[in-house]
Each structure stands twice: as structure tokens, then as C-alpha cells.
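The structure displayed is predicted, hence computed values, not measured ones.
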Amino acid sequence: MVGIFSLVTGRPGSSGFGSSSTAEQVTEGIDASNLTAIITGGASGIGLETARVLAIRKAHVIIAARNMESAKEAKQLILEEDESARVDIMKLDLCSVKSVGTFVDNFIALGVPLNILINNAGVMFCPYQQTEDGIEMQFATNHLGHFLLTKLLLDKMKQTAKDTGIEGRIINLSSIAHVYTYEEGIRFDNINDEDGYSDKKAYGQSKLANILHTNELSRRLQAEGVNITANSVHPGVIMTPLMRHSSLLMNFLKMFTFFAWKNIPQGAATTCYVALHPSLKGVTGKYFRDCNECQPSTHASNELLGRKLWDFSNKMINSLSKA
């Protein structure tokens with residue numbers, strides 16, 4: 001009930017921010033000029049707003065996007081607001097293991113540091129389909145592609161943190177929808193099967209995987225003593241292109257749940273807060289909603305499930321890489 005009250009009223013939590021806070025408000029006064037950030041899906045929706053706000057805080061922003069025309073438009077929009085903004089665009093298709101590898105090679109070739117990785121891109125409520133690699137689309141895009149991207153960029157982030165003394169931050173966008181998944185949480189034995197497929201539960205499964213990945217990554221980074229944090233966020237319910245497969249349903253629901261919806265500047269706030277705010281230095285393995293730490297589902301807090309997903313994802317990536 002407290003969470004609903006805070007959501008409706010926008011009442012700030014212990015961080016000083018709440019559901020009505022915007023990305024600009026939560027980063028006000030922060031100088032990010034010494035930071036480089038990659039944002040997947042940064043060409044539209046809350047990804048674009050995240051890119052814009054990090055850029056006006058003077059970070060060097062790399063927009064990683066599948067649609068390069070949209071990415072060019074996003075870059076131009078940011079430059080029109082601030083012609084001194086440092087924004088680059090690079091092609092990335094998270095559905096493709098090959099594309100992820102190519103993106104990382106191209107990024108490493110730039111010779112720039114990497115302080116922040118924001119795994120923002122995603123698909124939602126897709127009809128059943130498989131990627132070119134033969135993986136169910138929502139699991140592949142929302143989890144596996146980001147899992148591989150993070151894995152391949154981790155050495156660069158570790159080196160940057162070591163060379164600069166600046167804490168690295170990895171932010172995975174999850175969703176409150178992670179609570180609505182298959183009974184076992186993750187369908188390890190039939191992850192790619194069309195039989196029993198539910199577009200809503202498959203989305204929830206992929207968002208659960210985001211939190212499990214984050215928490216296991218955080219545990220491993222801590223054990224290694226690396227100066228990098230990993231946290232997951234629920235941005236809120238926002239009408240964005242992500243909902244293109246269910247726009248009629250979402251518009252209908254919005255009529256009855258209007259109080260729970262955010263605009264895009266509010267939707268990007270939690271991501272920007274976790275990426276930049278100095279109060280979160282050293283905070284890792286947490287789940288944030290409305291710019292405040294909160295408790296995810298029982299499945300999401302299950303360390304054994306997290307380790308199983310980590311091993312499962314690595315095995316899947318290795319098999320695809322050899323194919």
C-alpha cells in the first residue's frame with residue numbers, strides 16, 4: 001500500500017526522489033564529463049531520454065541501436081539542444097550473437113574508456129518467434145544479448161576502473177513484470193519451445209533474468225574486488241514503442257490505471273539516478289524503483305537460480321559461438 005501511495009502522489013522516498021521525479025531532476029548538478037557510457041536502445045523512448053540527459057551532464061554517450069536511421073535522428077536531436085554534446089552512434093542487434101561481437105570489436109577499436117553500461121533495449125509481448133540464432137525472441141533480446149554484451153565489455157570496464165580510479169556502473173533495465181513469469185521462474189528445459197509459450201510470461205521471464213543476471217554479476221565482481229557495481233531498475237509503466245505489440249491492450253488498461261503511468265522523462269529517472277548519482281557509490285546488487293531501493297520477487301532473490309541462469313547463459317552463448 002505504501003508503494004501505491006508513493007506512486008500515485010509522487011511522494012519522495014529515502015533518496016529524496018520519487019515516481020514524479022524526472023531524469024533531469026535526479027541528475028541536477030552532476031558533472032559527468034569524465035565518464036563514457038554505452039546505452040543500448042538509446043534511439044527512442046526512455047533510452048533516448050537517458051542518452052539525452054547523460055549527454056547534457058557532459059558524459060560521452062554511445063547510442064547502441066539496431067535502427068541506425070533512428071539513431072542518427074536521436075543524435076541530431078541531442079545536438080540541437082547542446083551542440084557541444086559528445087554523442088556517437090553504433091549498430092547493435094541484440095538478437096544476433098555475431099552482431100554483439102562485432103559491436104564490441106568496433107567499440108574497443110575506438111580506444112575510449114567505458115565507465116557506464118546501461119542495458120536498456122528490449123522487446124515486449126512478442127508473438128512467438130525465434131532469432132537468427134534459434135533463440136526465443138524475448139529471452140534472446142532482453143537477456144541473452146545483454147548477457148553477452150556485458151561479458152565481452154567487462155574487461156574494458158575493469159581496465160577503465162583500474163586506470164581512472166572511477167567506479168564503473170552496470171545498469172540492467174528489468175520490470176515489475178518480472179513477478180509474472182512461468183511457475184519455475186525460468187524455463188531452462190524448454191526455453192525455445194513454442195509449446196506452452198505465453199507472450200506475457202515470456203516477457204516476465206526475460207525481466208526476471210535481468211535481475212538474476214545483475215545479482216550474480218554483482219556477487220562475482222565483489223568477490224573479485226573489482227570497482228564496478230551492478231544494479232537493476234524498474235523504470236515504471238510508460239507508453240513507448242516497446243509496447244507496439246500490445247498497444248490496444250495498453251491503451252485500454254491506461255484508462256483504468258492512469259495514476260500508475262509515467263511520462264518518458266519520469267521513466268528515465270531511475271536509470272539516470274542509478275547511473276550517475278554519487279549517493280550510490282559502492283551500492284551493488286540492488287533493485288530500484290522510483291529512484292529508491294526495493295525488494296524484488298522471491299524468484300529474483302534466489303541465488304541458486306541466479307547461478308543456474310549464469311551457467312545456462314554461458315553454455316548457450318558458447319554453443320552459438322561455435323555454430
(message) Between K286 and T229, is there a side-chain heavy-atom distance shorter than 4.5 Å?
(response) no

(message) Side chains of C126 and D199, heavy atoms from C-beta outward: is any pair under 4.5 Å?
(response) no

(message) Using 0.5 Å steps for rounding, measure from the CG atom of N292 to the OG atom of S14.
(response) 4.5 Å

(request) Using only heavy-atom distances, determine whether the side chains of Q266 and T22 contain a donor-acceptor pair under 3.5 Å. (result) no

(message) When you compare the side chains of S44 and S70, does any donor N or O come within less than 3.5 Å of an acceptor on the partner?
(response) no

(message) Between R187 (side chain only) and D193 (backbone N and O only), is there a donor and an acceptor less than 3.5 Å apart?
(response) yes

(request) Would you check, one step at a time, whether the test side-chain contact (heavy atoms from CB on, under 4.5 Å) holds for I118 with L54? (result) CA-CA 11 Å; I118 300 176; L54 264 62; 4.1 Å; yes

(request) Flag yes if I317 and L153 sit in one hydrophobic cluster, no otherwise; membership is Ile, Leu, Val, Met, Phe, Trp, Tyr, and two members link when side-chain heavy atoms are under 4.5 Å apart. (result) yes

(request) State, with a plain yes or no, whether a side-chain heavy atom of H146 is found less than 4.5 Å away from one of L94. (result) yes

(request) State, yes or no, whether a side-chain contact exists between V97 and S321 at a heavy-atom distance under 4.5 Å. (result) yes

(request) Can you establish whether the number of heavy atoms outside K156 located under 6.0 Å from its atom NZ is more than 12? (result) yes

(message) Whether the side chain of N227 engages the backbone of A161 through a donor-acceptor N/O pair (distance < 3.5 Å, no angle test) should be reported.
(response) no

(message) Quick check: closest heavy atoms across A55 and I78, and the distance to 0.1 Å?
(response) CB-CG2, 3.8 Å

(message) Just by distance, no angles: are the side chains of K151 and N314 close enough, under 3.5 Å, to form a donor-acceptor pair?
(response) yes

(message) Tell me if a side-chain donor or acceptor on S232 pairs with a main-chain N or O of L173 at a distance below 3.5 Å.
(response) no

(message) Between L35 and I30, is there shared hydrophobic-cluster membership here, with clusters defined by ILVMFWY side-chain heavy atoms closer than 4.5 Å?
(response) yes

(message) Quick check: do H234 and S174 have side-chain heavy atoms less than 4.5 Å from each other?
(response) no

(request) Determine whether W310 and L154 fall in the same hydrophobic cluster, where Ile, Leu, Val, Met, Phe, Trp and Tyr are linked whenever their side-chain heavy atoms lie under 4.5 Å apart. (result) yes

(message) Test salt bridge (charged side-chain N to carboxylate O under 4.0 Å, His left out) on K262 and D290; report intermediate values, then the result.
(response) CA-CA 10 Å; K262 293 182 177 182; D290 299 333; 2.6 Å; yes

(request) Not counting sequence neighbours, which residues clear side chain to side chain contact (heavy atoms under 4.5 Å, CB included) with Q159? List them please. (result) K162, D163

(request) Provide the closest heavy-atom pair for H299 versus E183 in the form atom of the first, atom of the second, distance. (result) NE2-O, 3.2 Å

(message) Looking at N115 and T36, would you say the former's side chain and the latter's main chain have a donor-acceptor pair under 3.5 Å?
(response) yes

(request) Give the C-alpha distance, both sets of side-chain angles, the deciding distance and a yes or no for side-chain contact (heavy atoms from CB on, under 4.5 Å) between I186 and L212. (result) CA-CA 10 Å; I186 307 290; L212 290 171; 4.3 Å; yes

(message) Is the ring pair F103/F107 parallel, tilted or perpendicular, if the boundaries are 30 and 60 degrees?
(response) parallel

Side chains of residues 80-87: which donor-acceptor partners sit under 3.5 Å, not counting sequence neighbours?
{"residue": "E81", "atom": "OE1", "partner": "R52", "partner atom": "NH1", "Å": "3.0"}
{"residue": "E81", "atom": "OE2", "partner": "R52", "partner atom": "NH1", "Å": "2.9"}
{"residue": "D82", "atom": "OD1", "partner": "S84", "partner atom": "N", "Å": "3.0"}
{"residue": "D82", "atom": "OD1", "partner": "S84", "partner atom": "OG", "Å": "2.6"}
{"residue": "D82", "atom": "OD2", "partner": "K58", "partner atom": "NZ", "Å": "2.9"}
{"residue": "S84", "atom": "OG", "partner": "K58", "partner atom": "NZ", "Å": "3.3"}
{"residue": "R86", "atom": "NH2", "partner": "S33", "partner atom": "O", "Å": "2.9"}
{"residue": "R86", "atom": "NH2", "partner": "K58", "partner atom": "O", "Å": "2.6"}

(message) Is the shortest side-chain heavy-atom distance between L149 and L117 below 4.5 Å?
(response) yes

(request) Check the pair I171, I116 against side-chain contact (heavy atoms from CB on, under 4.5 Å), reporting the backbone distance first and the verdict last. (result) CA-CA 8 Å; I171 298 93; I116 301 170; 4.0 Å; yes

(message) Determine whether a donor-acceptor pair (N or O, by modelled atom type, separation under 3.5 Å) exists between the side chain of R57 and the backbone of E24.
(response) yes

(request) For E49 and A268, work out which heavy atoms get closest and say how close. (result) CG-CB, 3.6 Å

(message) Assigning hydrophobic clusters by single linkage (Ile, Leu, Val, Met, Phe, Trp, Tyr; side-chain heavy-atom cutoff under 4.5 Å), is L208 placed with V179?
(response) no

(request) Rounded to the nearest 0.5 Å, what's the gap from CD1 on I211 to CG on N172? Could you check? (result) 9.5 Å

(request) Run through T40, T150, N142 and flag the one making a side chain to side chain donor-acceptor pair (under 3.5 Å) with N119. (result) T150

(message) Within the 4.5 Å heavy-atom criterion, are C291 and S15 side-chain neighbours or not?
(response) yes

(request) Give the ring-plane orientation class for H277 versus F17, where under 30° counts as parallel, over 60° as perpendicular and anything between as tilted. (result) perpendicular

(request) Could you tell me which non-hydrogen atom of G267 sits nearest to which non-hydrogen atom of P235, and how far apart they are? (result) O-CB, 3.3 Å

(message) Tell me whether D189 at atom CG has more than 12 heavy atoms from other residues, nucleotides or ligands lying less than 6.0 Å away.
(response) no

(message) For N302, give me all partners under side chain to side chain contact (heavy atoms under 4.5 Å, CB included), at least two apart in sequence or on another chain.
(response) L304, L305

(request) Indicate yes or no for a side-chain donor-acceptor contact from Q138 to the backbone of F125 under 3.5 Å, with no hydrogens or angles considered. (result) yes

(message) Is it the case that the side chain of S218 and the backbone of G285 share a donor-acceptor pair, with hydrogens and angles ignored and the cut-off at 3.5 Å?
(response) yes

(message) Check whether N120 reaches the backbone of G41 with its side chain - one donor and one acceptor, N or O, closer than 3.5 Å.
(response) yes

(request) Verify the cluster assignment for I89 and L79: are they in a single hydrophobic cluster under the rule of side-chain heavy atoms below 4.5 Å apart? (result) no

(request) Return each pair, listed once, that meets salt bridge (charged side-chain N to carboxylate O under 4.0 Å, His left out) where at least one residue sits in residues 201-210; pairs must be two or more places apart or across chains. (result) none

(request) Taking the side chain as every heavy atom from C-beta outward, state whether R289 and T270 have any pair of such atoms under 4.5 Å apart. (result) no

(request) Start with the C-alpha gap between T27 and Y273, add the side-chain angles, then the distance that decides, and say whether side-chain contact (heavy atoms from CB on, under 4.5 Å) holds. (result) CA-CA 6 Å; T27 59; Y273 172 72; over 6 Å; no

(message) salt bridge (charged side-chain N to carboxylate O under 4.0 Å, His left out), that's the test. Do E224 and R220 meet it? Break it down for me.
(response) CA-CA 6 Å; E224 196 176 336; R220 289 169 181 260; over 6 Å; no

(request) Search all heavy atoms of G282 against all heavy atoms of E167 and return the closest pair with its distance. (result) N-OE2, 2.7 Å

(request) With sequence neighbours excluded, tell me which residues meet side chain to side chain contact (heavy atoms under 4.5 Å, CB included) with E69. (result) N67, K72

(message) According to ring pair (Phe, Tyr, Trp, His ring centres under 6.0 Å), does anything in residues 174-198 pair up with another residue at least two apart or in another chain? List the pairs.
(response) Y128-Y197, H178-Y287, F188-F312

(message) As a test of understanding, state which of I38, V100, I62 forms a side-chain contact (heavy atoms from CB on, under 4.5 Å) with L92.
(response) V100

(request) Can you measure from CD1 (I108) to CG (L152) and round to the nearest 0.5 angstrom? (result) 9.0 Å

(request) Using modelled atom types only, decide if a donor and an acceptor are shared between the side chain of S297 and the backbone of A300 within a distance under 3.5 Å. (result) yes

(message) For a quick test of reading the model, state the closest non-hydrogen atom pair linking L217 to I170 and the distance between them.
(response) CD2-CD1, 3.7 Å

(message) Would the distance check show the side chain of R169 and the main-chain N or O of V274 forming a donor-acceptor pair, the cut-off being under 3.5 Å?
(response) yes

